[in-house]
Peer 1: 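One structure is given below, represented as structure tokens, and several questions about it will come after.
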Amino acid sequence: MTSPRSAPRTFSRLTTALFAGLSLIFLSGCKLTEIFNLSGPQSTMVSAGPVAKAQWDLFMVTVWVTTFIFIVVGAVLAYAQFKFRAKTEADEHATPPPQGHGNPFVEIGLIAGSVLLLVIIAIPTLRGIWYTHDVPEDEKANAMEVTATGYQWWFKFEYPSEMVPLPTGGEAPLVTGNELVVPAGVPVRVQLRTVDVIHSFWIPKLAGKVDMMPNRGNFLWFKADKPGYFYGQCAEYCGESHAIMRFRVIALSAPEYARWLENQKQAARTVTAESLAAAAATPTAKFASLKFEAGSALAASPGFDANPLAAWQDMQKPEPGENAQLIATGRKLFADKTCISCHAVRGHEGIGITGPDLTRVGARTTIAAGVLENTPERMHAWIKDPNHYKPGNKMFNGGYVDVDTGTAKFQLTDPEIDALVAYLHSLK
Ligand code: HEC
Ligand SMILES: [Cu+2]
């Protein structure tokens, strides 16, 4: 029969087993990413630039120091529990031996040891804070600047040093939405702004997180070691669709970036029967788009996942089988259905600033701020029911539906949406 007295023994065995198990996991710390398969697109454990690398290295310093503490304290505890355990029934009833305390040697030793461990953590921490704060002096001359602005629930990117002419005269910085394209190997200093609540800017493999604060100019910097395709995510709770407020960073080689920039600066592409005939549409291989199924909304197609950068490059080319007639219908609908009041299409009718700039939306790999792969099926599904994919979003609330009365402001038929998709996908 178990008496209440044997509870300490059971407890001691349990803690020893727990300790042994945890030690095993921690001792394999160097292989953490493989053991737990933590190398996904939003993993901080696989860094692709010096800022994220510095953050990861600092994390590992604390992991090793605390692992050391865990093992030493755990070993002393396990030793004491084993050595002084109650061995016989009589031991369990014995009065405890006199309790001692106040050994100055042990106490000063423990204080000195703790201070030493804190110093070991503090030195790289301070160095890391310094390094990740701003572009290092010797790289400043080479750095570029962009402004990222958080909106519930998407991101606007501006290139203050790349001016584009406005239809009304004058010029303004180049604007893109949800996909930030940068040259690889170049330090990028990002000014962080918000138009509404607090958001936080985070590109797990490159840098972060720094808050986008109302009425306060924050910034961060990052550099991508090599060309690549990176996932970004808002990291500060900002309302209903916070968890799916995402973005992408595409780092390109210098010549490819220059080509991209040149194309971005042009007005929106206009497709006509003549322009199509002139281009004599060279067929391009497209990634097989996923058939749309409820529940798989956030998934990308296997072709996309296998090589997102190649998928992005593929999106830059005009799609085969463009239909100038359908595209023209879509362009007209884009104006008639009030889309133009919220979305800018530079050079066409769109002049709105409430939603993402769509001047080259056809060349983006994702829509709805990194949530849906930009296939015609998914863009169709998004335009048909934006609230299904992003609850509370401003395109639906206030755009499609009058928030005060709850009545629909306009209806779209499937053929109309197809025309809108054809138009938006022609914007490369
Ligand atoms: C009331 C303003 C408003 C109106 C009207 C509106 N939109 Fe939007 N749209 C938005 C906002 C805001 C977003 C961003 C939603 C998000 O990701 O949170 C958006 C996102 C989009 C996107 C995805 C862009 C991207 O890069 O993520 C597309 C495509 C789009 N809208 C098309 C349309 C079309 C087509 C119409 C007209 C039928 C339309 N919108 C009408 C505000 C609007
Ligand atoms: Cu947010």
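Ligands are counted one by one from 1 in listed order, and the atoms in each one are counted from 1 as well.
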Peer 1: For K428, run the side-chain contact (heavy atoms from CB on, under 4.5 Å) check against K317, R364, E319, Q316 and tell me which one passes.
Peer 2: E319
Peer 1: Are any protein N/O atoms closer than 3.5 Å to the N/O atoms of ligand 1? If there are, list each pair with names and the distance to one decimal place.
Peer 2:
from     : atom 1 : to   : atom 2 : distance (Å)
ligand 1 : 7 (N)  : H343 : NE2    : 2.8
ligand 1 : 9 (N)  : H343 : NE2    : 2.8
ligand 1 : 17 (O) : K390 : NZ     : 2.8
ligand 1 : 18 (O) : W153 : N      : 3.4
ligand 1 : 18 (O) : W153 : O      : 3.3
ligand 1 : 18 (O) : K390 : NZ     : 3.4
ligand 1 : 26 (O) : N178 : ND2    : 3.4
ligand 1 : 26 (O) : R364 : NE     : 3.2
ligand 1 : 26 (O) : R364 : NH2    : 2.9
ligand 1 : 27 (O) : N178 : ND2    : 3.0
ligand 1 : 27 (O) : A368 : N      : 2.6
ligand 1 : 27 (O) : A369 : N      : 3.2
ligand 1 : 31 (N) : H343 : NE2    : 2.8
ligand 1 : 40 (N) : H343 : NE2    : 2.9

Peer 1: Under 3.5 Å, side chain of S241 to main-chain N/O of I244, donor-acceptor pair present?
Peer 2: no
Peer 1: State whether K332 and E349 are salt-bridged, where the test is any N-O pair (Lys NZ or Arg NE/NH1/NH2 against Asp/Glu carboxylate O) under 4.0 Å.
Peer 2: no
Peer 1: Checking R189 against F219: charged group under 6.0 Å from the ring centre and within 45 degrees of the axis?
Peer 2: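 Yes, R189 lies over the aromatic ring of F219.
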Peer 1: What is the minimum heavy-atom distance between V361 and N374, and which atoms define it?
Peer 2: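 Between these two residues, the closest heavy atoms are O-ND2, 3.0 Å.
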Peer 1: So, D357 side chain and T359 main chain: donor-acceptor pair closer than 3.5 Å or not?
Peer 2: yes
Peer 1: What N/O/S atom of H199 gets nearest to the Cu ion (ligand 2)?
Peer 2: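 The Cu ion (ligand 2) is closest to the H199 atom ND1, counting only N, O or S.
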